[in-house]
Amino acid sequence: MTVIFEIFCIVAAFVLLFYYYMNTTFNFWKIRGVKGPRPLPLFGNVMDIMLRKKIMAEYLIELCKTYKNEPYIGIFIRSTPILVLKDPQLIKSVLIKDFSYFPQRHLSVTEKVEPLSQHLFHLEADKWKPLRNKLTPAFTSGKLKEMFPLIKECANHLEQYLEKMPDDNIVEIYELMGRFTTDVIGNCAFGIEMNALADDNSEFRRMGREIFRSGLKRDLREGLRTSFPKLYNQLSFLFDYSHLTKFFLNIVKETMEYRKKHKYIRHDFINILMELREQPHKLGEEVELTDSLCAAQAYLFFGAGFESSAWTMSNVLYELAQNKDIQDRVRQEIEEVFEKNEGTILYESVSTMKYLHAVFQETLRKHSPVWGLFRKCVAPSYTFAGTDLTIQKDQKIFIPIYGMHHNPEIHPKPLVFDPDRFLNGNNSVINDSTYFPFGRGPRSCIGERFAIVQSKVGLASFLRNHKVDVCDKTEIPYPIRQSAFLVHPKRGIYIKVSKINNK
């Protein structure tokens, strides 16, 4: 009996110690005067997310509504305190004005398990900055103009594919747009004809699906990598990324060797990497451009380039299928551009399609491909201007893209698809601290301009001779799933595609 009582006392002591520890941790925001929801032991404020009942994008929208008058909110991811910023001026300070205090994302490079994680999105500031500066020339207006014929060629292939389809065909548009953007990235980044539109078994398309495949196993792996990166690296034997790693390593290495051997110059992303390898002094001592580091940048360009654009183009067509008046107005603008240029589209034409651009921007507001931005303080301390809140080094920050883009105080009737928000004279509240689908500041998306051009050219080619409608398989709204920091449709996006008899 005495032994049982002693065991009970030990267990009770451990329970009390655990409860005290968790409550001490959970007082973190309370003692700093930051409001937020009450956390739960083990889960913090993300129990529904961890149990797959809700995704982070939805949670942040609800959170911003609940604390609509607060400039910031304190939450916990398990036991880790996270500061969620809502005030536009504070967001601008973190992303732009005081960027030097917040150059890091809270994500870690897990090189031992995932050699391809050494890319611009994950890299720490000392390696990210010189690499970003040298890769930026690959995305200038001049480079985009040189790549434009390749983009247009892929758009022509898309038109040919659509022409061969039966009329009034029910299409899973997310998959189709993924094939188109895969072809564009292949041409413009790797100089390779990927044939994802024509070939159902395209290896690049298969790899694209693999990168963003979801499931419980992947969610657990992502949670471990994010929360315990050192442990994740030690458990490398449990995770197999060899097929992805070998694929991109081989593609980049073989492409570089071929070009060097045949003295073949092509003004694309691979060529920029080759120039940097031949002149390593341009990157400084902090960065050694190894085979795996080169492959990691190509991997990021491929994955982010095809996925985010495919998502946005799919949502443009999804919204146009529901809004016939907007679709007709976009098509009229497209027809005028093609007619003016004798049946084709020029690089200069892309920027003249103002209404298509407004539709594109409104789609990114309502259906942003990324649910949030992440930053980490690197200074010993930082005090937010106009507040009493001071944070310490390594404090993690979330900037809720979905929450800001669906805030009715900033974007009235946020669930209504209204491109007029972005037309001249109507976008005074759409600025660098309330609208940021590509991020803002020095760590914004390096491929933003490329994504815009490839998406607009693809959409113009699609809508010129085809219209889209809802059908029995169209889910309004459709359910979404989350994969790391991106969002995806759970069951695809189905719409009806019909030919326009105007020839």
Side-chain angles (χ1 to χ4, degrees), residues 57 61 158-159 162 165 167-177 180 308-338 350 352-369 401-402 405-408 410-427 429-430 435 437 451-452 455-480 487-502:
I61 291 175
L158 176 62
E159 285 191 74
L162 293 170
M165 285 195 326
D167 204 13
D168 297 333
N169 195 36
I170 307 303
V171 178
E172 202 289 89
I173 203 67
Y174 183 55
E175 170 64 20
L176 178 57
M177 294 299 98
F180 165 71
S308 58
S309 292
W311 167 263
T312 303
M313 293 175 69
S314 301
N315 280 301
V316 167
L317 297 171
Y318 173 75
E319 291 292 346
L320 294 182
Q322 300 172 65
N323 297 276
K324 298 294 183 60
D325 55 333
I326 297 175
Q327 183 180 163
D328 291 342
R329 188 174 168 186
V330 170
R331 185 174 293 107
Q332 181 181 351
E333 182 181 64
I334 292 169
E335 287 175 350
E336 290 172 357
V337 166
F338 274 81
V350 176
T352 66
M353 294 185 285
K354 302 296 184 184
Y355 194 64
L356 176 59
H357 185 63
V359 167
F360 185 75
Q361 287 183 298
E362 173 68 348
T363 302
L364 285 170
R365 181 201 64 80
K366 189 176 178 183
H367 304 281
S368 175
I401 293 179
Y402 260 74
H405 286 188
H406 288 79
N407 184 341
I410 300 170
H411 310 285
K413 298 180 180 179
L415 296 180
V416 174
F417 186 76
D418 181 14
D420 285 348
R421 301 177 203 267
F422 291 89
L423 293 179
N424 292 334
N426 294 338
N427 61 348
V429 295
I430 311 299
Y435 178 75
I452 292 172
S455 298
K456 287 184 182 178
V457 173
L459 288 167
S461 300
F462 189 111
L463 292 166
R464 184 188 175 205
N465 295 312
H466 292 82
K467 64 179 181 178
V468 290
D469 297 280
V470 296
C471 62
D472 292 341
K473 293 187 71 174
T474 307
E475 297 181 275
I476 305 175
Y478 58 79
I480 61 176
V487 290
H488 309 266
K490 266 188 180 179
R491 292 182 288 271
I493 303 174
Y494 289 89
I495 57 177
K496 183 172 72 173
V497 179
S498 308
K499 294 181 177 66
I500 298 174
N501 298 316
N502 59 356

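Keep in mind that the numbers below use all heavy atoms, side chains included, and drop hydrogens, waters and symmetry copies.
In this structure Ile61 satisfies the side-chain contact (heavy atoms from CB on, under 4.5 Å) test together with Lys65, Tyr402, His406, sequence neighbours excluded. Glu475 meets the side-chain contact (heavy atoms from CB on, under 4.5 Å) test with Tyr478, Pro479, Arg491; sequence neighbours excluded.
Using a 4.5 Å heavy-atom threshold, the side chains of Asn315 and Tyr174 count as separate. Looking at heavy atoms from C-beta onward, Pro437 lies in side-chain contact with His405 at the 4.5 angstrom threshold. Looking at heavy atoms from C-beta onward, Pro489 lies in side-chain contact with Trp311 at the 4.5 angstrom threshold. In this structure, the side chains of Leu364 and Phe422 stay at 4.5 Å or more apart for every pair of heavy atoms. Side-chain contact check for Phe417 versus Gln322: every heavy-atom pair is 4.5 Å or farther apart. With contacts defined as side-chain heavy-atom distances shorter than 4.5 Å, the pair Asp469/Lys324 qualifies. Contact of the Leu423 side chain with the Tyr355 side chain is registered, since non-hydrogen atoms from C-beta on lie closer than 4.5 Å. Contact of the His367 side chain with the Glu319 side chain is registered, since non-hydrogen atoms from C-beta on lie closer than 4.5 Å.
Counting heavy-atom neighbours within 6.0 Å of Asp167 CG, excluding the residue itself, gives a total above 12.
Judged by distance alone, the side chains of Arg331 and Gln327 do bring a donor and an acceptor atom under 3.5 Å apart. Donor-acceptor pairing under 3.5 Å is lacking for the side chains of Tyr435 and His411.
Of the possible polar contacts, one joining the Glu172 side chain to the Ile493 backbone as a donor-acceptor pair under 3.5 Å is found. Listed for the Arg365 side chain is no donor-acceptor partner under 3.5 Å among the backbone atoms of Pro419. At least one donor-acceptor pair under 3.5 Å links the side chain of Thr474 to the backbone N or O of Cys471. Side chain of Lys366 to main chain of Leu415: a donor-acceptor pair is present (N/O by atom type, distance under 3.5 Å, no hydrogens or angles). Looking at Asp418, its side chain does come within 3.5 Å of a backbone N or O of Asp420 through a donor-acceptor pair. Formation of a donor-acceptor pair under 3.5 Å by the Glu333 side chain with backbone atoms of Arg329 is not found in this model. Panel note: side chain Lys496, backbone Asp472; no donor-acceptor pair is recorded below 3.5 Å.
To the nearest 0.5 Å, atoms CE (Met177) and OG (Ser309) are separated by 11.5 Å. From Leu317, atom CG reaches atom NE2 of His466 across 12.0 Å, with rounding to the nearest 0.5 Å. Residue Met165 holds its CE atom at 6.5 Å from NZ of Lys499, rounded to the nearest 0.5 Å.
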Decide yes or no on side-chain contact (heavy atoms from CB on, under 4.5 Å) for Val359 and Val316, but give the supporting numbers first. CA-CA 7 Å; Val359 167; Val316 167; 3.9 Å; yes
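Across every non-hydrogen atom of Val416 and Glu362, the tightest pair is O-OE2, 3.2 Å. Contact detail for Ser314 and Ile173: the closest heavy-atom pair is OG-O, 3.5 Å. Nearest approach of Leu463 to Ile500, heavy atoms of both residues: O-CD1, 4.2 Å. The shortest non-hydrogen separation linking Ile334 to Leu459 is CD1-O, 4.3 Å. Here the closest non-hydrogen pair linking Ile495 and Tyr318 is CG2-CA, 4.4 Å.
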